[in-house]
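Since the structure comes first, as structure tokens, the remarks are kept for the end.
Positions are given from 1 along the sequence.
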Amino acid sequence: MKKNLDITLRPEKITFTGNCIKIADFHSGKYKISYKEIVLAYLRVFNQESGMSYEPEIVDITSNMEGELVIYNSARCQYRIKTDLTGKPAGALLLELSMHAPYILIGAQDWFDRGNDEEFEEIINMVKIMGQC
């Protein structure tokens with residue numbers, strides 16, 4: 001298994017442009033994530049009572065869901081974006097991302113293992129094919 005780069009951000013501003021997401025994090029600086037590089041995006045939602053988290057499937061995601069937006073690019077870099085300072089719930093940000101990059105895999109997927117190199121490569125190839133349509 002390849003070693004992932006895991007970047008955690010707590011931005012004050014997230015902007016969706018024509019070709020990328022611009023993220024302004026007070027501590028980490030500015031990031032640009034190209035839509036062409038994104039292969040997977042989902043939410044990590046936290047249960048207030050238990051403190052446990054879960055990853056809802058696309059059919060269960062609503063625009064008012066709070067939590068973290070998690071994005072993987074084709075290099076397997078994971079961006080964990082805490083959305084509490086943005087003024088928008090994580091669900092709304094994920095839905096906006098899906099409008100700008102409709103060919104990426106959205107929501108929790110129980111049919112593949114993100115840690116499996118071969119399965120992740122299949123996802124990358126699938127997203128490339130969908131992006132060409």
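Of all heavy-atom pairs between Gly67 and Thr83, the closest is O-OG1, 3.0 Å. Across Cys77 and Ile7, no two heavy atoms sit closer than the pair SG-CD1, 3.7 Å. For Leu85 against Pro11, the heavy-atom pair with the smallest separation is CB-O, 3.4 Å. The minimum heavy-atom distance between Ile104 and Ile38, with the atom names listed, is CG2-O, 3.1 Å. The shortest non-hydrogen separation linking Thr17 to His100 is O-CD2, 3.3 Å. When every heavy atom of Met130 is checked against every heavy atom of Tyr103, the shortest pair comes out as CE-O, 2.6 Å.
For the side chain to side chain contact (heavy atoms under 4.5 Å, CB included) with Ile21, the lone residue among Leu69, Ile14, Leu93 that qualifies is Ile14.
In this structure, the separation between CD on Glu119 and CD1 on Ile124 is 12.5 Å, given to the nearest 0.5 Å. To the nearest 0.5 Å, atom CD1 of residue Ile81 and atom CD1 of residue Ile23 are 3.5 Å apart. Here the straight-line distance linking atom OG of Ser28 with atom CZ of Arg10 works out to 12.0 Å at 0.5 Å rounding. Atoms CG and OG, on Leu95 and Ser63 in that order, are 6.0 Å from each other to the nearest 0.5 Å.
At distances below 3.5 Å, not a single donor-acceptor pair connects side-chain atoms of Thr8 with backbone N or O atoms of Tyr79. A donor-acceptor pair under 3.5 Å is absent between the side-chain atoms of Asn47 and the main chain of Gly51, judged by distance alone. Remark: side-chain polar atoms of Tyr42 are not paired, donor with acceptor, to backbone N or O of Ala108 under 3.5 angstrom.
With sequence neighbours excluded, the residues forming a salt bridge (charged side-chain N to carboxylate O under 4.0 Å, His left out) with Glu55 are Arg44, Arg114, listed by chain and number. Residues that satisfy the ring pair (Phe, Tyr, Trp, His ring centres under 6.0 Å) test with Tyr54, not counting sequence neighbours, are absent from this structure.
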* Asked: Does the pair Ser34 and Asn19 meet the rule for a side-chain contact (heavy atoms from CB on, under 4.5 Å), with working shown?
  -> CA-CA 6 Å; Ser34 169; Asn19 58 6; 5.8 Å; no
* To do: Evaluate the criterion side-chain contact (heavy atoms from CB on, under 4.5 Å) for residue pair Phe112 and Ile123; output intermediate values, then yes/no.
  => CA-CA 9 Å; Phe112 87 96; Ile123 299 304; 3.8 Å; yes
* Asked: Does the side-chain contact (heavy atoms from CB on, under 4.5 Å) test come out yes or no for Glu68 and Leu43, once each step is laid out?
  -> CA-CA 6 Å; Glu68 297 177 346; Leu43 297 182; over 6 Å; no
* Show your working on salt bridge (Lys or Arg N to Asp or Glu O under 4.0 Å) between Lys13 and Asp25 and close with a plain yes or no. => CA-CA 7 Å; Lys13 185 175 181 181; Asp25 185 272; over 6 Å; no
* Asked: Going through the checks in order, is the side-chain contact (heavy atoms from CB on, under 4.5 Å) test met by Glu122 and Asn125?
  -> CA-CA 5 Å; Glu122 282 184 46; Asn125 291 332; 5.7 Å; no
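Within 6.0 Å of CZ on Phe26 lie no more than 12 heavy atoms contributed by other residues, nucleotides or ligands.
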